[in-house]
Amino acid sequence: MERIRKDVSMRELALTGISAALALVCAGRIFLLLRAQGSVYTMGIFPLALLFGLYCLWKRALLLEEVFFFVPVRALLAAGFAALQVLGLVFSHPGICGVPEAVLWVVCFTPITYAGQNMLFFLAKKTGGDDMARRQDGELTGTEEDAGRKQTHTGQKGAFWGAFALIFGGFCIPFATYYPAIMAYDVIPQLDQIRVSGLTTHHPLIHTLLLKGCLALGELLSFLPNADRAGLAFYSLMQMAVVAACFAYVSCFLGRRGVSKWLCYAFVLCAAVFPTHGMLAVSITKDTIYAALTMAFTVFAYELAVGEKNPEIGWWIRYGILTVLLLLFRNNSVYAWLVYVAAVALAGRKRPLSFQKICAFHGAVFLMYLCINGLMVQAVSATSSTYAREMLSVPAQQIARVVQYHEEELTQEDLAAIAAVWGENLPEYVPAIADRSKKDIAGDKETLRIFIGEWISLGLRYPGEYLQAFLLKNKGMWELTDTTYLNDVYTYAKGYLQITYPSDQQPYMEALAPGYVRHQKLQPLQSLYRYFAAGDELWRYCPPVALVMQPAFTCYLLLFYCLCCIGLKKTKLLLPAVYLLALAGTLLLGPCVLTRYVYPLMLSVTVLALLLFGRGRIQN
């Protein structure tokens, strides 16, 4: 990379040297303290970040001015990031240092963080600003769109089917390895609904019906040796096809939008061979199809924001169908989608005709979703199982933490209220997951009234505990070196993909699907995938891969994308990110942080980053 600036002053040289020295001294202190505790700082990400910061200091990025935002804003962002990472270190290793030393670490790491941030903003301006002459405030001037239109219809179809074949073929490797499917723990209650207790809406009903239909198809084909295995295999193949089609469509879209062809090839190749994509493609969990739909929805939202002013009727039909499916495959996606629609409507308020059309279209889509969902519920007589306690993850964690650490300080009124909500047992507090603290809460109105009153009462007395409970539950979304989502969420399903279910539920699993027995013919491949998905050894020795797969990295990349859109004055490009930001908000209020929950954000943010920073130069 070229030198950013050739001239250097003694003041800048002194500030750079002091910043590097402070960061190195603090890093050395941290490593010694961790070694004394018998721990290595997780997954090598901290040393990797330290090396990047030192490189940026060496490139004299500390006082770089050709970047976004004023100095106070950038300083605040750098200090906030450094504070969160130090706080995460203290949370992960209690007693490692006192408050004064932790504050000192934040102060010492802020300059090197500031330099790294300056470098990233500089590179974003250099790459994202290349097409500023061709695109003003996110709108196409025509060159890019014309370049995409020059592709023949046959060529586009060929590119799609070529990408689809490659990705689907890559998925066949984990499919053969885990034939007929990866049975994660979430599938057990769904099989129970299908075979024993009756259908409910606790899990997305459309997903449960798809699974039920595939199992029924396996039973219809009597010539197959095992109906259960055949049905599960049918589901895996169907899901593989849906995910591969979404990846292929997005790759073609990236090519039409001027993204470098080599990045498009890398996108397809990564989708085909990166173990995470393949394993989730054959895992029977609602999150996989939803993630693929979210990625496809993101590119449609991008087109709506910056594409043609009057899309053809076929585009609106495809967009509407995709939106309905998106809402059907995730119960709480409605909240994020409504925020997105409000943002789209607000952005089009200066164009009355467009505003009216957009509002009418999204209203019709929402009505269609309600009708289809209602018809499915009525057709199969599904009962409502979306309990009120599912929305109480954060309050339940906060009360449980206060009870655990301040039980002796609680009044008789507090204990009576807690007993009315939780019964004889006090709420169980596990920092990384709220399922155990809310599992005994009834959903009746009187219980919820008592719960809310006690939550407010304890919150006024212990605001610090409430804040800490919230941060610890969502630690995976803000600390880059977090491992709670790997090991502490479900003890029976360690690893970021949770590809197993509790051993004590094996008999129940066999009763629900008597014919399901995962074959053991490809043990070496199973060991390789298990090493990647369920153990943390790979992360410790491959920090770049570990960084990419960290949920927090996805959240920071989404924030970085939004900041760059503001800095580049491409405000329309923020609209596709609104749904993702709202979706991240629902995750913050959810029970825990799991990679498969964040997977939709991982795919979609990657696509937005490629659209903003991955454009090749179009020759006139």
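Quick note: numbers below take in every heavy atom, side chains included, and nothing from hydrogens, waters or symmetry partners. Remember, predicted model here, so these are calculated numbers, not experimental data.
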| query | Okay, side chain of Asn118, backbone of Ala115: is any donor-acceptor separation there less than 3.5 Å? | reply | no
| Tell me, do Pro204 and Tyr290 make a side-chain contact under 4.5 Å, heavy atoms counted? | no
| Short question: side chain of Tyr579, backbone of Trp337 - any donor-acceptor pair under 3.5 Å? | no
| query | Does the side chain of Leu13 come within less than 4.5 Å of Thr16's, by heavy atoms? | reply | no
| When the ring planes of Phe560 and Phe613 are compared, do they come out parallel, tilted or perpendicular, using 30° and 60° as the limits? | tilted
| request: Say whether Ser437 and Gln397, considering side chains only, have a donor N or O and an acceptor N or O under 3.5 Å apart. | output: yes
| field | Minimum heavy-atom distance between Cys592 and Tyr597, given as atom pair plus value | value | O-CD1, 3.7 Å
| Looking at the rings of Tyr462 and Tyr405, which for Trp means the six-membered one, are their centres under 6.0 Å apart? | no
| task | Assign the ring pair Tyr340 / Phe297 to parallel, tilted or perpendicular, where the plane angle (0 to 90°) is split at 30° and 60°. | result | perpendicular
| Is it true that Arg29 and Glu101 make a salt bridge, defined as a side-chain N closer than 4.0 Å to a carboxylate O? | yes
| message | Donor-acceptor check, side chain of Arg74 to backbone of Tyr114, threshold 3.5 angstrom: yes or no? | response | no
| task | For the pair Tyr335 (side chain) and Gly585 (backbone), establish whether a donor and an acceptor sit closer than 3.5 Å, ignoring hydrogens and angles. | result | no
| How about Ile182 and Met279: do any of their side-chain heavy atoms sit closer than 4.5 Å? | yes
| Under a 4.5 Å cut-off applied to non-hydrogen side-chain atoms, are Leu458 and Leu410 in contact? | yes
| message | Would the distance check show the side chain of Gln550 and the main-chain N or O of Gly476 forming a donor-acceptor pair, the cut-off being under 3.5 Å? | response | no
| Donor-acceptor contact present, side-chain Ser333 to main-chain Arg330, <3.5 Å | yes
| What orientation do Tyr599 and His277 show, parallel under 30°, tilted 30 to 60°, or perpendicular over 60°? | tilted
| said: So, taking the atom named OG1 in Thr298 and the one named CG in Leu293, what distance separates them when rounded to the nearest 0.5 Å? | reply: 10.5 Å
| request: Look at the side chain of Thr288 and the backbone N and O of Leu280, then say whether any donor-acceptor pair between them is shorter than 3.5 Å. | output: yes
| task | Indicate yes or no: at least one non-hydrogen side-chain atom of Leu608 is less than 4.5 angstrom from one of Pro576. | result | yes
| said: So if I apply the side chain to side chain donor-acceptor pair (under 3.5 Å) rule between Glu465 and each of Gln398, Gln404, His406, which one comes out positive? | reply: His406
| message | Tell me every residue that passes side chain to side chain contact (heavy atoms under 4.5 Å, CB included) with Leu24, counting only those two or more places apart in sequence or in another chain. | response | Leu50, Leu54
| request: Tell me yes or no: between the side chains of Lys473 and Ser393, is some donor less than 3.5 Å from an acceptor? | output: no
| At their closest point, which heavy atom of Pro600 faces which heavy atom of Leu583, and how far apart are they? | CB-CD2, 4.2 Å
| message | So Leu575 and Tyr302, do their side chains get closer than 4.5 Å, heavy atoms only? | response | no
| Side chains of Leu580 and Val605: closer than 4.5 Å at any heavy-atom pair? | yes
| remark: Shortest non-hydrogen pair, His202 vs Asn331, comes out as O-ND2, 3.1 Å
| task | Compare all side-chain heavy atoms of Trp422 with those of Ile399 and state whether any distance is below 4.5 angstrom. | result | yes
| query | Does the Trp478 side chain pair with the main chain of Leu471, one donor and one acceptor, at a distance under 3.5 Å? | reply | yes
| task | Run the numbers on Phe31 and Phe46 for ring-ring contact (aromatic ring centres under 6.0 Å, His included), then give the verdict. | result | CA-CA 10 Å; Phe31 284 126; Phe46 177 55; 5.6 Å; yes
| request: Might you point out which heavy atoms bring Leu89 and Glu479 nearest each other, and give the distance in Å? | output: N-OE2, 3.7 Å
| said: Using a 3.5 Å distance criterion without hydrogens, assess whether the side chain of Asn474 forms a donor-acceptor pair with backbone atoms of Leu588. | reply: yes
| message | Does Leu15 form a side-chain contact (heavy atoms from CB on, under 4.5 Å) with Leu62? I'd like the steps, not just the answer. | response | CA-CA 8 Å; Leu15 290 175; Leu62 185 63; 3.9 Å; yes
| Would you say the side-chain atoms of Arg401 and Tyr429 include a donor-acceptor pair closer than 3.5 Å? | yes
